[in-house]
Number of protein chains: 2
Amino acid sequence: MILDSETKAVELPEDHGDELRLWLRLLTCTTLIEGEVRSRLRERFDVTLPRFDLMAQLDKVPDGMTLSDVSKRMMVSNGNVTGLVERLVESGHVDRRTSDTDRRVQVIRLTKLGRAEFRRMAEEHETWISEIFTDLTPKDVRELMRLLAKTKGSAQKAGQKAAKVP
Amino acid sequence: MILDSETKAVELPEDHGDELRLWLRLLTCTTLIEGEVRSRLRERFDVTLPRFDLMAQLDKVPDGMTLSDVSKRMMVSNGNVTGLVERLVESGHVDRRTSDTDRRVQVIRLTKLGRAEFRRMAEEHETWISEIFTDLTPKDVRELMRLLAKTKGSAQKAGQKAAKVP
DNA sequence: AAATAATTCTTTAAGCTTCAAGTAAATTGG
DNA sequence: CCAATTTACTTGAAGCTTAAAGAATTATTT
């Protein structure tokens, strides 16, 4: 804390350049990888990344999940999921029904076709990812996992704090 | 390398689960932070993230840059930049003119208004970012920078290789 | 010089995404 | 039980994004 001549706290512009550079690098990495995955998905399977991501969520559960669940897990808006699911139902990859116990709720799951196609895509997708991270040693991977977990926690905390003081 | 009974190399499904988990965590971090920054930019300044990002590129140069430059730096498509710039010119934040030496080229730069508003936003933005990364020690930041640089290089290499063998 | 190729940017169509407002159903609290 | 609130989802408008095709200009090759 710095005090001026009248012993009053003053705001000096602190240096947050390192964090800013870190954020930009993080963003660059993600954009780069995302673009690579997107273009390969399109070329190899003629599928968009959001469709793939949604199917990936559904592949993890056998009995389907609600639209809200998908929305939270994918970290996108409800309206977004509505449209995405609409198109996946249209193309026969996803099955949708109203919950028996709560008529507000829509339960969606992969169809047989959807699951088969996703599995096929996921296999290649996994090798692409390992290719993309090929220069990292197992130790690098562990360390990165650790630091990103810490980053995630920090970001979540900052988000909650900001939400409480609007 | 695993050889089968006929001494022929066979492809066994290798485990790339760690890299996949790493990618998902990287994506989660970026999505989380991006969402936080997006919502704060909207609430505080009623500006979108893409507009802010474009202005950030232009703020770095005094004499403007071409649309292609912006496109490469932001890692988005040309058409995307065209529309973004269109709206920023419309709102008076960006100035656009045709290059004197090459009539294909559009040179854009921040207007006085655009630069003033960006500087104002950037200052707060920087503190948000430092807040978001607040749990990371300086050592964490350095280490993360290093590992992400390595990741970026690895991803670029993978992308180039894939582009050559289509 | 003329033909060819490469570049810079724009346009279009389709899909993605958010936000805000709206509808319907379930839950809560009197 | 009923009013008020909350939850789950949908809709609509605006903007973002990409990919692909096209137009204009410049650079290269023959």
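Predicted model, so just to flag it, every value in this text is computed and none were measured. Below, chain A is the first sequence line, B the second, and so on; all start at residue 1.
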**Message:** Heavy atoms only, 4.0 Å cut-off, all strands: where does D102(B) land among base, sugar-phosphate and nothing?
**Reply:** sugar-phosphate
**Request:** Output yes when a side-chain donor or acceptor of D59(A) lies under 3.5 Å from a complementary backbone atom of A56(A), and no otherwise.
**Result:** no
**Prompt:** To the nearest angstrom, how far is D46(B) atom CG from dG15(D) atom C1'?
**Reply:** 13 Å
**Request:** Using heavy atoms to find the nearest nucleotide of DNA chain D for N78(A) and S39(A) separately, return the residue whose nucleotide is more 5′.
**Result:** N78(A)
**Asked** How is S68(B) classified with respect to the nucleic acid when contacts are heavy atoms under 4.0 Å: base, sugar-phosphate, or nothing?
**Response** sugar-phosphate
**Asked** Checking all strands, does L84(A) fall into the base, sugar-phosphate, or nothing category for heavy-atom contacts under 4.0 angstrom?
**Response** sugar-phosphate
**Asked** Mapping T101(A) and D69(B) to their closest nucleotides on DNA chain C, which lands nearer the 5' end?
**Response** D69(B)
**Value rounded to 0.5 Å, distance of CG in L144(A) from NZ in K150(B)** = 10.5 Å
**Fill in**
Winner on side-chain proximity to R96(A), out of dC19(C), dT10(D), dC9(C), is dT10(D)
**Item:** Below 4.0 Å: OP1/OP2 of dC16(C) and any side-chain N or O of T48(A)
**Value:** yes
**Distance in angstrom units between E90(B) CD and dA14(D) C1', rounded** = 14 Å
**Asked** Okay, side chain of S154(A), backbone of I132(B): is any donor-acceptor separation there less than 3.5 Å?
**Response** yes
**Request:** Mind calculating the distance between CG (N80(A)) and C1' (dT17(D)) to the nearest angstrom?
**Result:** 13 Å
**Prompt:** Using a cut-off of less than 4.0 Å, is there contact between a side-chain N or O of R38(B) and OP1 or OP2 of dT18(C)?
**Reply:** no
**Request:** When you get a sec, tell me which of dA20(D), dA25(C), dT18(C) is the closest nucleotide to the side chain of R42(A)?
**Result:** dA20(D)
**Request:** Looking at every strand, decide which applies to T66(A) at a 4.0 Å heavy-atom threshold: base, sugar-phosphate, or nothing.
**Result:** sugar-phosphate
**Request:** Specify the separation, in whole Å, of atom CG of D53(B) and atom C1' of dT17(C).
**Result:** 15 Å
**Item:** Between dA19(D) (P) and E36(A) (CD): distance, integer Å
**Value:** 11 Å
**Asked** Would you find more than 12 non-hydrogen atoms of other residues, nucleotides or ligands less than 6.0 Å from K112(A) atom NZ?
**Response** no
**Asked** Does the pair R40(B)/E131(B) count as a salt bridge with the N-to-O cut at 4.0 Å?
**Response** yes
**Complete:** note: L67(B), atom CG; dT25(D), atom P; distance rounded to Å ~ 16 Å
**Nucleotide dA26(C), atom P - distance to CG of D100(A) in whole Å** = 12 Å
**Prompt:** Of all the nucleotides listed (dT18(D), dC9(D), dT8(C)), which has the minimum atom distance to the side chain of V105(B)?
**Reply:** dT8(C)
**Message:** What is the separation between atom CZ on R51(B) and atom C1' on dT18(C), rounded to the nearest whole Å?
**Reply:** 16 Å
**Message:** Whether R87(B) and E90(B) form a salt bridge (side-chain N of Lys/Arg under 4.0 Å from carboxylate O of Asp/Glu) is what I want to check.
**Reply:** no
**Prompt:** So, is T82(B) close to the dT10(C) phosphate, meaning a side-chain N or O under 4.0 Å from OP1 or OP2?
**Reply:** yes
**Complete:** The answer to which of R104(B) and G79(A) contacts DNA chain D further toward the 5' end, by nearest nucleotide, is G79(A)
